[in-house]
Amino acid sequence: MSTPRTSLIFLSTLLILAFTFSTALAGSEPPVADSEVNLAADPNPISPIGLIYDNTPTFKFTPYLRVSKYKITVTRPDDSLVYIFKGDADCSPTECSLTPTTPLTGKYGLVMRKGEYRWTVQAKTGPGAWTPPQVPAKAFAIVTSGFESTFTNDRKHWQDMNGTWTWLSKGQLLNIGTVNEYASVAHQYYIVGDYTYEAKIKLKSEHTYLPTDLEHQAGGIIVEGAPNQRIARQIWYNGVYLLIRNDRQACIYEFWNGDFVDSTAVCETVAAIKPNEWNTIKVTVVGNNMLVKINDVDWRSYTDSEHSIFTYGAFVGLTHFRFATEIEKMLVDRVKLEILNVP
């Protein structure tokens, strides 16, 4: 394995857009104070705004006079209609709410505009008469609360970033790699909040490695990733790589804005690794800290106090580094991610 130090000057476009959304999570905006409510004004949206987990959100807004009937209009970014919901709102003197029963589909992530929505609220002022909608409409996007991929029937929501990751009918993913590159596949959902992420993988090689070999086949997971832009050896522009090898070496490499973070790199022998067999890598990310387990055995904790990479929303993935010209492959049996403490 290598630790390249190639610099780029631009962040992934998708990651920048996601950072813009991540400044406002569901429920993060407080209700308007009594003194700030203008009951003679049109109703104004309060939430949802930004990133949310719920696909049947409760829409909160300021009240309009003594009106009880309101209309919620939800559209996509291209202004196409998703639904209109009319109903009697549950109102206090400072806030009203309506909860449509129609679930919203899609999750925000690598598929452009998927899971993104706009909404407005209008108050009914008479037969067929409504207050005007807000311009511009308020924006929000739905992010995942977790997923589990067993690959029983397909490889849905996994997107090849480098190399081909083939779905096998026995319920696995297969990658044969490209010599001297990091093949990778990303899950399409954008990840926000604390989480656990685990993958069960197996490495196979027909090459005979010597104890003195510095380079070696490796495979594992990527967290906190920006996959749409890559540097030398097809490494993600941002990301923390957790890799294992069949010589029982485990490594953590971080890349930040295209640069290798050598101050936090680690590569050491881990007895829990099973050469040529199935191994499960699991991380728990809370705040700016990550705990790593291999085959349910604690390995080490990891943090980056300089860049605080774990405090940003990002993507997760799988990776396989092929070193030899002989056949080398990585198999994936299952992958699971769970967001902790979903509001």
Side-chain angles (χ1 to χ4, degrees), residues 14-15 17-31 45-61 72 74 82-83 85 90 95 97-111 113-119 138-150 156-159 186-199 221-226 239-240 280-293 301-303 308-318 334-343:
L14 185 57
L15 192 57
L17 291 175
F19 286 170
T20 301
F21 264 122
S22 63
T23 57
L25 295 175
S28 63
E29 292 203 355
I46 297 175
S47 68
I49 298 173
L51 298 176
I52 68 172
Y53 295 102
D54 191 356
N55 67 349
T56 54
T58 294
F59 293 87
K60 298 180 180 180
F61 46 91
I72 302 294
V74 178
V82 177
Y83 65 67
F85 181 82
D90 181 12
E95 181 181 285
S97 64
L98 276 175
T99 306
T101 56
T102 302
L104 298 170
T105 60
K107 296 291 189 293
Y108 180 71
L110 291 176
V111 180
R113 299 302 188 184
K114 194 168 185 179
E116 295 183 38
Y117 296 96
R118 307 288 186 268
W119 73 283
K138 293 298 183 180
F140 69 96
I142 300 172
V143 293
T144 186
S145 59
F147 62 81
E148 184 169 10
S149 299
T150 60
K156 191 175 182 180
H157 303 308
W158 289 94
Q159 184 170 325
H187 198 276
Q188 292 177 339
Y189 294 167
Y190 185 68
I191 310 302
V192 176
D194 299 335
Y195 60 89
T196 62
Y197 177 54
E198 63 182 286
I221 64 176
I222 309 170
V223 298
E224 304 303 315
V240 179
T280 299
I281 305 170
K282 181 177 182 178
V283 300
T284 301
V285 174
V286 176
N288 193 37
N289 298 287
M290 178 178 68
L291 175 66
V292 185
K293 290 187 176 186
S301 60
Y302 178 90
T303 189
S308 301
I309 192 170
F310 296 109
T311 63
Y312 298 98
F315 294 90
V316 297
L318 304 164
R334 59 178 175 81
V335 185
K336 182 178 180 180
L337 183 138
E338 180 182 0
I339 301 296
L340 305 175
N341 302 318
V342 173

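In what follows, every heavy atom counts, from backbone to side chain, and hydrogens, waters and symmetry copies are set aside.
Atom NZ of K138 has 12 or fewer heavy atoms from other residues, nucleotides or ligands within 6.0 Å.
Put simply, CZ on F310 and CG on N289 are 8.0 Å apart, with the number rounded to the nearest 0.5 Å. If you take CD1 on I309 and OH on Y302, they are separated by 7.0 Å, rounding to the nearest 0.5 Å. Remark: I142 CD1 to K114 NZ distance equals 11.5 Å, nearest 0.5 Å. Taken to the nearest 0.5 Å, the CD1 atom of I72 stands 8.0 Å off from the OH atom of Y83. Atoms OH and CD1, on Y197 and I191 in that order, are 8.5 Å from each other to the nearest 0.5 Å. Interatomic distance, I52 CD1 to T58 OG1, rounded to the nearest 0.5 Å: 9.5 Å.
Ring geometry, F147 versus H187: the interplanar angle falls under 30°, so the pair is classed parallel (tilted spans 30 to 60°).
Of all heavy-atom pairs between F59 and P48, the closest is CD2-CD, 3.5 Å. Here the closest non-hydrogen pair linking E198 and T280 is OE1-CG2, 3.8 Å. Considering every non-hydrogen atom in both S149 and W158, the closest pair reads OG-NE1, 2.9 Å. Among all heavy-atom pairs drawn from Y53 and V192, the shortest one is OH-O, 2.7 Å.
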Stepwise side chain to side chain contact (heavy atoms under 4.5 Å, CB included) check, F85 with T99: CA-CA 9 Å; F85 181 82; T99 306; over 6 Å; no

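Of the possible polar contacts, one joining the T303 side chain to the N288 backbone as a donor-acceptor pair under 3.5 Å is found. Remark: the backbone N or O of I49 is not paired with any side-chain donor or acceptor of S47 at under 3.5 angstrom. At least one donor-acceptor pair closer than 3.5 Å links the side chain of Y190 to the backbone N or O of G313. With hydrogens and angles disregarded, no donor-acceptor distance shorter than 3.5 Å links the side chain of W119 to the backbone of F140.
A search for side-chain hydrogen bond (donor to acceptor under 3.5 Å, both in side chains) contacts involving Y195 returns E224, not counting sequence neighbours. Evaluation of the side chain to side chain contact (heavy atoms under 4.5 Å, CB included) rule for D54 yields T56 as partners, not counting sequence neighbours.
The aromatic ring centres of Y189 and Y108 sit 6.0 Å or more apart.
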Check residues 336-343 and write down every donor-acceptor pair under 3.5 Å in which the side-chain atom is one partner and the other belongs to a residue at least two apart or another chain.
none

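Proximity of P57 to L104: side-chain heavy atoms (C-beta onward) are separated by under 4.5 Å at one or more points.
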